[in-house]
Novice: 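Provided herewith is a single structure, encoded as structure tokens, for subsequent inquiry.
Note that the coordinates shown come from a computational prediction; the quantities given were computed from them, not determined experimentally.
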Amino acid sequence: MAWGALGLVLATGGGLAYAWQHLDGNIASTDLDAALGGDRPAAQRGGAQNILLLGSDSRAGTHGAYGSGVAGARADTAMVLHVDKSHRKASVVSIPRDTLVERPACPKSGGGSAPGARQAMFNSSYAVGGPACTVKTVEQMSGLRMDHYLEVDFKGFRKLVDELGGVDLTTRTAIKDHNSGLSLTAGKHRLDGEQSLALVRTRHGVGDGSDLGRIQLQQAFVKALIHRAHAVDPLGDPAQSYALADTATKSIRTDSELASAGKLLGLAKDLDGISPERTRMLTLPVTYDARDAGRVLPLDKASDQVWTALRHDRPVPADATSSSVGDQGKTPLSSGGRA
């Protein structure tokens, strides 16, 4: 999406300084180094990168469109994007929001600190200490240093998809969820922002109604989004390209090291060669908590296989997720296919 800024620069030249300044001013950020200090895993060698992708359930600016009485925000979607040293392949590990984890003590954004907790829901880390606490929780779980994080909320996600012109998906079966408002027949669809948001929020209409079914939808959607982004020609319509870059930079929050249009453009260039076919999607191996069916517990040995492989920049073993309840069943979606 940051390539959109380049389209404007090449087309207008003289607007360079204003364009970059405007885009830079759009970006909200968090200083992870200041928040977390030096007690973090070491950076990976050889050029491999780890980026934490967060979907916040903040309803800010939606005027109650997605449920009233829901205060604050939680990291309801969390994906660890591992880019290998060649920057040609990637692995994406989804962490179920209902996973019970050992949450570390975290600084609060308003000052002070929140104590750590055993058997805490993963998504509570964001509610307790914002994105820095979620980063710290993931780093403690995985032993991987997060080089960057990128976050989008409901409103920003919807606007981004609309600015892209929608995303193409094919549903193998009909999906209907009264809670999210999604209603799709089996077949090919081009989803707009509102429908896409409903899709990635859906869980009651798929699988066993848990967060694990929703993760399958989200992973399929991410691949479809990559397909759509690759199809956009930033030089074909400079004005539209700049509008996309403007929307993108207004819609995301990132770490302070990535909080400029130039840095985002550099990241886009780094990731441009990674196709959906070279992106492996998986879910952290988990099992249902026997004491609470609404919670899941990491499978220690299998989870360690996943994180160890990424720490050494190797492919995750094919059997690492075979015993996970998050790896059961077939997703009701496939990417591609315009209605």
Novice: Who are the side-chain hydrogen bond (donor to acceptor under 3.5 Å, both in side chains) partners of N26, not counting sequence neighbours?
Specialist: D246, T249

Novice: Does S142 offer a backbone N or O that forms a donor-acceptor pair with the side chain of R311 under 3.5 Å?
Specialist: yes

Novice: Which disulfide bond (SG atoms under 2.5 Å apart) pairs, counting each pair once, include a residue from residues 266-322, with sequence neighbours left out?
Specialist: none

Novice: I'd like to know whether Y288 forms a side chain to side chain contact (heavy atoms under 4.5 Å, CB included) with L297, so could you lay out the CA-CA distance, the side-chain angles of the two residues, the decisive distance to 0.1 Å, and finally the verdict.
Specialist: CA-CA 6 Å; Y288 292 115; L297 298 167; over 6 Å; no

Novice: Can you list everything that forms a salt bridge (charged side-chain N to carboxylate O under 4.0 Å, His left out) with E139? Sequence neighbours excluded, please.
Specialist: R40

Novice: How would you list, by chain and number, every residue that makes a side-chain hydrogen bond (donor to acceptor under 3.5 Å, both in side chains) with D98, sequence neighbours excluded?
Specialist: none

Novice: Looking at residues at least two apart in the chain, or sitting in another chain, which of them share a side-chain hydrogen bond (donor to acceptor under 3.5 Å, both in side chains) with S29?
Specialist: none

Novice: Verify, without hydrogens or angle tests, whether H87 (side chain) and G47 (backbone) share a donor-acceptor contact under 3.5 angstrom.
Specialist: yes

Novice: Could you report the tightest heavy-atom contact between T287 and V325, atom names first, then the distance?
Specialist: CA-CG2, 3.9 Å

Novice: Write out all pairs satisfying disulfide bond (SG atoms under 2.5 Å apart) with one or both partners inside residues 95-199, taking only residues at least two apart or from two chains.
Specialist: C106-C133

Novice: Got D319 and Q305 here, is their nearest side-chain heavy-atom distance under 4.5 Å?
Specialist: yes

Novice: Is there a donor-acceptor pair under 3.5 Å between the side chain of S324 and the backbone N or O of V286?
Specialist: yes

Novice: Is it the case that the side chain of T202 and the backbone of A198 share a donor-acceptor pair, with hydrogens and angles ignored and the cut-off at 3.5 Å?
Specialist: yes

Novice: Say whether V101 and L282 are linked into one hydrophobic cluster, either directly or through other cluster members, by side-chain heavy-atom distances under 4.5 angstrom.
Specialist: yes

Novice: Got T134 and L54 here, is their nearest side-chain heavy-atom distance under 4.5 Å?
Specialist: yes

Novice: For D192, does its backbone N or O pair with a side-chain atom of Q195 as donor and acceptor, under 3.5 Å?
Specialist: yes

Novice: Any chance you could measure L182, atom CG, to E194, atom CD, to the nearest 0.5 Å?
Specialist: 10.5 Å

Novice: Does the side chain of N50 reach to within under 4.5 Å of the side chain of L81, using non-hydrogen atoms?
Specialist: no

Novice: Is any side-chain heavy atom of T30 closer than 4.5 Å to one of E151?
Specialist: no

Novice: Given the rule in the side chain to side chain donor-acceptor pair (under 3.5 Å) test, do H82 and D313 qualify, once you have shown the distances and angles that lead to the verdict?
Specialist: CA-CA 8 Å; H82 175 81; D313 197 30; 2.8 Å; yes

Novice: Among all residues two or more places apart in sequence or in another chain, which pass the salt bridge (charged side-chain N to carboxylate O under 4.0 Å, His left out) test with R103?
Specialist: none

Novice: What's the shortest heavy-atom distance between D24 and G262, and which atoms?
Specialist: OD1-N, 4.4 Å

Novice: Cluster question for you: counting only ILVMFWY and a side-chain heavy-atom cut-off of under 4.5 Å, with indirect links fine, are V306 and L100 together?
Specialist: no

Novice: Does the side chain of V92 come within less than 4.5 Å of R280's, by heavy atoms?
Specialist: no

Novice: Over all heavy atoms of both residues, which pair between V128 and A114 is shortest? Give the atoms and the distance, please.
Specialist: CG1-CB, 3.0 Å

Novice: Does S275 offer a backbone N or O that forms a donor-acceptor pair with the side chain of T279 under 3.5 Å?
Specialist: yes

Novice: With the 4.5 Å side-chain cut-off for hydrophobic clustering, are V167 and L199 part of the same group?
Specialist: yes

Novice: Quick check for you: to the nearest 0.5 Å, what is the distance between L212 atom CG and R97 atom CZ?
Specialist: 10.5 Å

Novice: According to salt bridge (Lys or Arg N to Asp or Glu O under 4.0 Å), does anything in residues 115-133 pair up with another residue at least two apart or in another chain? List the pairs.
Specialist: E102-R118

Novice: Compute whether any side-chain donor of one residue and acceptor of the other, for K176 and S183, lie under 3.5 angstrom apart.
Specialist: yes

Novice: Which value, rounded to the nearest 0.5 Å, describes the distance between R278 atom CZ and S86 atom OG?
Specialist: 8.0 Å

Novice: If you round to the nearest 0.5 Å, how far is CD of Q216 from CE of M281?
Specialist: 12.5 Å

Novice: Taking all heavy atoms of A259 and all of T254, pick out the closest pair and write down the distance.
Specialist: CA-CG2, 3.8 Å

Novice: Less than 4.5 Å apart, any side-chain heavy atom of V80 and any of L284?
Specialist: no

Novice: Quick one: list whatever passes salt bridge (charged side-chain N to carboxylate O under 4.0 Å, His left out) with D292, sequence neighbours left out.
Specialist: none

Novice: Under 4.5 Å between side-chain heavy atoms, hopping through other hydrophobics if needed: is there a path connecting L267 to V222?
Specialist: yes

Novice: Could you go through the side chain to side chain contact (heavy atoms under 4.5 Å, CB included) check for R145 and Q44 one step at a time?
Specialist: CA-CA 7 Å; R145 185 186 183 95; Q44 288 195 255; over 6 Å; no

Novice: What do you reckon, is CG of D39 surrounded by more than 12 foreign heavy atoms closer than 6.0 Å?
Specialist: no

Novice: Taking atom CG of L52 and atom CG of L150, what is their separation to the nearest 0.5 Å?
Specialist: 9.0 Å

Novice: Report yes if the side chains of V138 and M146 come closer than 4.5 Å at any heavy-atom pair, otherwise no.
Specialist: yes

Novice: For S125 and F122, indicate whether the former's side chain and the latter's backbone hold a donor-acceptor pair under 3.5 Å.
Specialist: yes

Novice: Mind checking what makes side-chain hydrogen bond (donor to acceptor under 3.5 Å, both in side chains) contact with R314, not counting sequence neighbours?
Specialist: none

Novice: Does the K136 side chain pair with the main chain of G129, one donor and one acceptor, at a distance under 3.5 Å?
Specialist: no

Novice: Is M79 reachable from L271 through a run of I, L, V, M, F, W or Y residues, each pair having side-chain heavy atoms under 4.5 Å apart?
Specialist: yes

Novice: Return the minimal non-hydrogen interatomic distance between P285 and T321, and the atom names on each side.
Specialist: CG-CG2, 4.0 Å

Novice: Taking NZ, NE, NH1 and NH2 as the nitrogens, is one of them in K223 or D168 under 4.0 Å from a carboxylate oxygen of the other?
Specialist: no

Novice: Do Y149 and I51 come close enough that some side-chain heavy atom pair is under 4.5 Å?
Specialist: no

Novice: Between S260 and K263 (side chain of the first, backbone of the second, donor and acceptor by atom type, cut-off under 3.5 Å), is there such a pair?
Specialist: yes

Novice: Does D153 pair with K155 as a salt bridge, N-O distance under 4.0 Å?
Specialist: no

Novice: May I have the step-by-step check of side chain to side chain donor-acceptor pair (under 3.5 Å) for T77 and Q218, ending in yes or no?
Specialist: CA-CA 9 Å; T77 299; Q218 292 171 347; 3.0 Å; yes

Novice: Can you list every pair that meets salt bridge (Lys or Arg N to Asp or Glu O under 4.0 Å) and has a residue in residues 77-87, with sequence neighbours left out?
Specialist: none

Novice: With the threshold set at 4.0 Å, does a side-chain nitrogen-carboxylate oxygen contact exist between R214 and D211?
Specialist: yes

Novice: I need the minimum non-hydrogen distance between D162 and G193, along with the two atoms involved.
Specialist: OD1-N, 2.7 Å

Novice: With rounding to the nearest 0.5 Å, note down the distance linking CG in L169 to CZ in R190.
Specialist: 10.5 Å

Novice: Sequence neighbours left out, what passes salt bridge (charged side-chain N to carboxylate O under 4.0 Å, His left out) with E257? Give chain and number order.
Specialist: none

